[in-house]
Every structure is written in C-alpha cells, then in structure tokens.
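First the structure, in the form of structure tokens, and then the observations on it.
Keep in mind that this is a model prediction, so the values were computed, not measured. Reminder, nothing fancy here: chain letters follow the sequence lines and each chain counts from 1. The basis for the numbers below is simple: all heavy atoms, side chains too, and nothing from hydrogens, waters or symmetry mates.
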Amino acid sequence: MINFSYTIWILIIPIFMFLLLGLLGMKFKPIISGVLGTIGLGVVMLLSYYAAYQYFFQLPRIDDAYQQILAHNITWLNLSASLQIKMGVFIDPISVMMLVVVSTVSFMVHLYSIGYMKGEKGFQRFFAFLSLFTFSMLGLVVATNIFQMYIFWELVGVSSFLLIGFYYERPSAVAASKKAFIVTRFADLGFLVGILLLSYYTKSFDFLNITGPVGIEVTRNLTQTFLGMSVATWALLLIFMGGAGKSAMFPLHIWLPDAMEGPTPVSALIHAATMVVAGVFLVARLFPLYSFAAPDALTVIAYVGGFTSLFAAVIACTQFDIKRVLAFSTLSQIGYMMLALGVSGYGGEKGLGYMASMFHLFTHAMFKALLFLGAGSIIHAVHSNYMNEMGGLRKYLPITHLTFLIACLTIAGLFPLSGFWSKDEILAAAYEHNKLLFMVEYLVAGLTAFYMFRLYFRVFWNKEPHYHHKPHESPLVMTIPLMFLAIASIFAGFLPFSKMITSDRLPFESETNLMVAIPSVAIGLVGILIAFLLYKKDNVRVEKIVKGLGGVYTTIYNKFYIDEVYMFVTKKIIFNLISRPVAWFDRHVVDGFMNGIAGVTVLTSRKIKGAQSGQLQHYAFFFVLGAIAFALIFIYLWQ
Amino acid sequence: MERYGIPLEGFLVISTAMFFIGIYGFLVRKNLITMLMSIELILNSVNINFVAFNSYLFPENMQGNFFALIVVAIAAAEASVAIALIINIYRRFSNIEVENIDEMKY
C-alpha cells in the first residue's frame, strides 16, 4: 500500500509561501520573494508529479479500476453527530490530473512573472497572491467533500478578485475585479443552494458517499418535484450554475473578458488554465450523479457548452485586443469541455465524452497558458494590447513567435499536436450523441483556427507599424516557460488518457475516428487559409468584408450587446424597480422615523430650554413656587 | 399658654413675616450681598420658630434651642463661603449684580 500522506505538503507549501510573502515580503528584495515563491511552487510541482507517478503507475488497481484514496480527512467542524464538515486530501484520477495541471501552469507562471513583473510596484504582493491562488486551487481539486470544495471555491474567487484588481490605481481594473467577483458570487449562490439540497437528501457532504452507489441510489429515487423537475435535477442544475459562473458559461460569461485587466501571467494562470476550468472539474467530480440522477441537467450542460463555444468563437473573430481574443477563445474551449461532459455517458466506451473533456482540459491548460504567456511577451515588447499597433513581430521575437505558432497550430487542432487528439475525442463523443451539437462544434473548430491565425498573422506578419523603440525578445526567465509549455502542447496529446482518466476509473481503448478526425483537420486548415488570405499582408479585403457585414459585424464586435443587456437589466430594471423604491423607503420611512424622533426632541428642547436661563433668581422663584405647591399639597390634599 | 405676656402666635407672626421678607428680598434684589442678607433673614426666621416652639411646647427639653445654635453655625459657614464667592465674582465681573452672572445656561 502506497502512502499518500505527503500530499498534504502540496497544500502547506503554497499557503506558507503566501503567509511568508504576504507578511514579510516587503522585508525581502523583490527578486528574492519572486524566487522564493517560484522555488516553493517548484517543490509543489515535483510533489504533484511524484504523486501522479505513484498513483498511475505504482498503485495497484482494484478490479482494474483506479482507487479513490482519502490521503487525509480530518473533522474540521463537528457541529453534531450527523453534521460534520471535514477537510482533507482526496486522491483519484481527476484530482491527480488537476494537481499536475495546476502546479505545472502555476510554476511556469511564477517563473515567467519574475521577468514579466520586474520593476512593478507590489511585486511581492503579486507573488503572495499567486501563492494564495495556487493554494486555493489545489485545495479545491483535492477536496474530499463538497463543502471543502465550496470553501476553496470561494477562496479561488477571492484570489482571482485580488489579482484582477492588482493594478488598483486603474479604475477599469477595479471595475473588472468587482464585476468578476459579483458575477461569480451570484452564481455561487446557486451552487450553495444546490449543495444544501443535495446534502439534505444524501445526508452527506463527502464525494465518496454522494457519488458512490448510495448517493446515486438516493438521488435517483427522489420523488419530490418542483416546477415539473425532480429535486435532484434542480440541485444538480443549481450546482452547475456555480460551475457556469466560474467557468464563464453563457450567460454568466461577461466577467471573463473584463478580467483581462489583470496582469497577463494572472490571465494565463487563472483565467485560462486553472480557475475557469473549475466548473468543468465540478461537473466531472459529480459526474456519476449527473449521469444517473439527472440526465436532463446533462443535456442542459451540453447545450450551454455548445452555445457558449459558438458564441464566444464568433466574438473572438472581431476583437482587436489580443488578450480579449484569447479570453473569448478560452470561453469557447471551455464550452467544448462542458459540451463533452454533457454528451457523455457513464462507464467504459460510453464515457468517451468525460474522458475527452478531461483530456481537453489538460491540453487546453498547456496551450492556452502558452498563448497567454506568449501574448504577455508580445505586450511586454510592444507595450500595447491592440493588434492594430502590432505587426511584423516575427523578426523581433523569434522564440515568442515560434512558441506562439505552435500554440496556434495546437488550438487549431492540427495533427499530431495535442489539441488535435483532445478535440478529436470531443468531436467523436458529440458525433455519437448529438448530431446538431457535433455540427456546431465542427463549425467552432473552423472558427477557432480562423481567429487564432487572424491573431497570429496580424501580430507576427502583416504591415509593421512605427514602433517607438525596437521591440526586443523577452528575457530567458520568460521564454523558458514558453518553451516548456510549447513542448507540453506538442506532446501532451500522446498521453494515454483513456487508460488513465475515465468516468468509472476503468481504462478503455479509444480509437481515432477517421470520419471525424479528417474533416476536423480539414476545417482547421480552411480556417487557417482564410486567415492567411486576409491577414498575411495588409490589404483591403478585411475592410470590404466588414463593410459588407454592416450591422452584423457591429453587433458581434460589441459582443452581441450582452453587457448592455445586463446593464439595462441591472440599471434600468433592478435599480429603478427595486433598488430605488427600497432606497426611497429607507431614506424616507426608516430614516424619516429616526429623524422624526430626533426632530421632536430638538423642538421640545428648543421650547423648554428657556427655563435654563442662567438667572439665579428665576431658579429660586420656581423653587419657592414648588415649595409652596408641596406645602399646599401636604396641608390640604394629603390625608 | 403665655410667656412674657406674649402668645406663641406673636412669635410665629414675626417669624413668618421675616421669612417672606427674606424670600421677597432674595427674589427681587439684584445685589448679591443683599441677597445673602435675605438668606440670613430666612434662616433666622426659622431659628425664631425653633426657639419659640421649644420654649412654649416642650420647655423641659432643649433640642429646639440647640438646633437654632446649629443653624447659626451653619449660617456663619454659609455666609463665609458666599462672601468668598462674591469676592471672586467681583474680581471677574467687576460688579456683583446677579443678572450679570448667567453663564450657566443652556
């Protein structure tokens, strides 16, 4: 029996780093705090790799299935005999995979940030927050029970808020951080209600119980219905709402593009590779429940994912801020993962979608982190986020150019890069279950290739604008993570995922379906070709197309006015119909009552304060009158 | 019952008259010294009552007389304090008109 108790250090090191850098960071030189944080994360990464190695290759399997191990499980809150909240480390295939993803990307981002954030104010604070985030995310993925997951879920939200608002002098960053926090918090309300519903019926928070045979049996046999849907479906849909908020699924996606106000390494870590896939992870974690107790909820997830992927891909084609293009691309790719979960069944070959979703999560983390870090390198060189102010950068940034090209090819799904394998599995899973969604995803694959190569050609080829100073390649500390992630992006696809991470933890053989794979590569190539024709050289074709599309283009460019709809709903409807009357009530009725009491007191005192004239003889006069009155009372009335 | 050919009522009339003269003086005179004198009148009217009641009603006891003595002593102490106050007031306001001393109001 292999002992996994050392995995607790994966959590202890980042939180220790957070405390160290947060409390004593200003005592160190910036570079030292950066190096300390990076070394800490390096250790965490090695521990995660070791845990993964042990788990997948050394741990004996039971009936061919990977074991689920509670490496630690302490009772954290002992509220009553039947209500206990625990904390611990849960080891199973997806949590081990997430450990690897989170620690790898986090380490790369730490390393990269030493170069990228050099000379910034609050360098130490940045690393402290990065460590806090890493701690929260690692705690989330190893949660033994849904309540621990919720706690870390919120911690992740807080650290995301802190890091988006890192440049707190900038009003747009402050607004973006608030928006991210409020939108995800709103979604988490659903999550919390879902947790309470689910735990009320299953009488447990533990994943082992909830997703085990007992929990499935209980939730399947729930007879209570609400508005025509079973309570189990409601609970799981509400939990998905939390996941949709974190993973920025339509219509809760509005915070993610704005979150790009944060420093670019943060976007790479939080808003591309790790935190935004927490929603996918959540659904995957509860997948047996979704699959058996609430297939309707899974259908909803599939359609939400499919719609988001198309919607975001369309918007990504029109954006000019390179980070926003990547943000919409992230939305689109997470949509893919959600869709894959939504079309998946449970067990063996039927669980292809589940496996594909996790596979894509893994490869996406690598290539999207690479894209963001590459974008950071570009921004570092050009000091602008807008692709109109870029062009011809391939001469100046050779390493960034090469790695960025690899990432673009990967996301476009070209054989044999990792994106090809995972996307192919997703398309295959969709093809099996839902032809409509399959067609949508097919289209999205083409769009993805188009917008990524639009970005690529626009930035690295095209006409060279006038640069104020010659762009220069980033330092080695920034390019090493790029190179590492590029290598990971190329080769991650060869991991035998279907043997490691499956819905029922039993390995199965997955075959590449050529019927799906060849057209998907073909449409990727078409997308690249169109982008090549339009953006390789500066030409008028783009403007002609934009003019030809007219209002359609404007609508897409303005992200289908979803933000405006939200503004309308919040400002016009909620503010006018609810907030203003409530404010009026507060100001006039509640405050009015209190002000009335104060006013009456003031008026009364104004009337009677003349009695306190300061004239001794007035007082004496009243005293004498009083004495006489008492005398009369005692003499005549007191019997 | 009569002593010295004067009925008890005679003393009481005198004392009542002194008392109300004192009250009147205290309320209407503006000079602090005069007001102090009015207070002495009030105190002494009470002393007359003590002594008169004592010798008319309980001639065998001496409490009333002693009480009168205590009042005299208290009055002396009170007068000294009052005069000290008045001197300070004079130093501050350069007069001793009671109407000028109205700092202690709302």
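- The number of heavy-atom neighbours closer than 6.0 Å to CZ of A:F575, taken from other residues, nucleotides and ligands shown, is above 12.
- Residues of residues 23-47 of chain B placed with any heavy atom under 4.5 Å of a heavy atom in chain A are listed by number as B:I23, B:F26, B:L27, B:V28, B:R29, B:K30, B:M35.
- Residues that satisfy the side chain to side chain donor-acceptor pair (under 3.5 Å) test with A:E120, not counting sequence neighbours, are A:Y167.
- Residues in residues 593-623 of chain A take part in no ring-ring contact (aromatic ring centres under 6.0 Å, His included) pair, two or more places apart or across chains.
- Residue-level contacts of residues 63-99 of chain B with chain A, in order of numbering, are B:V98, B:E99; threshold 4.5 Å between heavy atoms.
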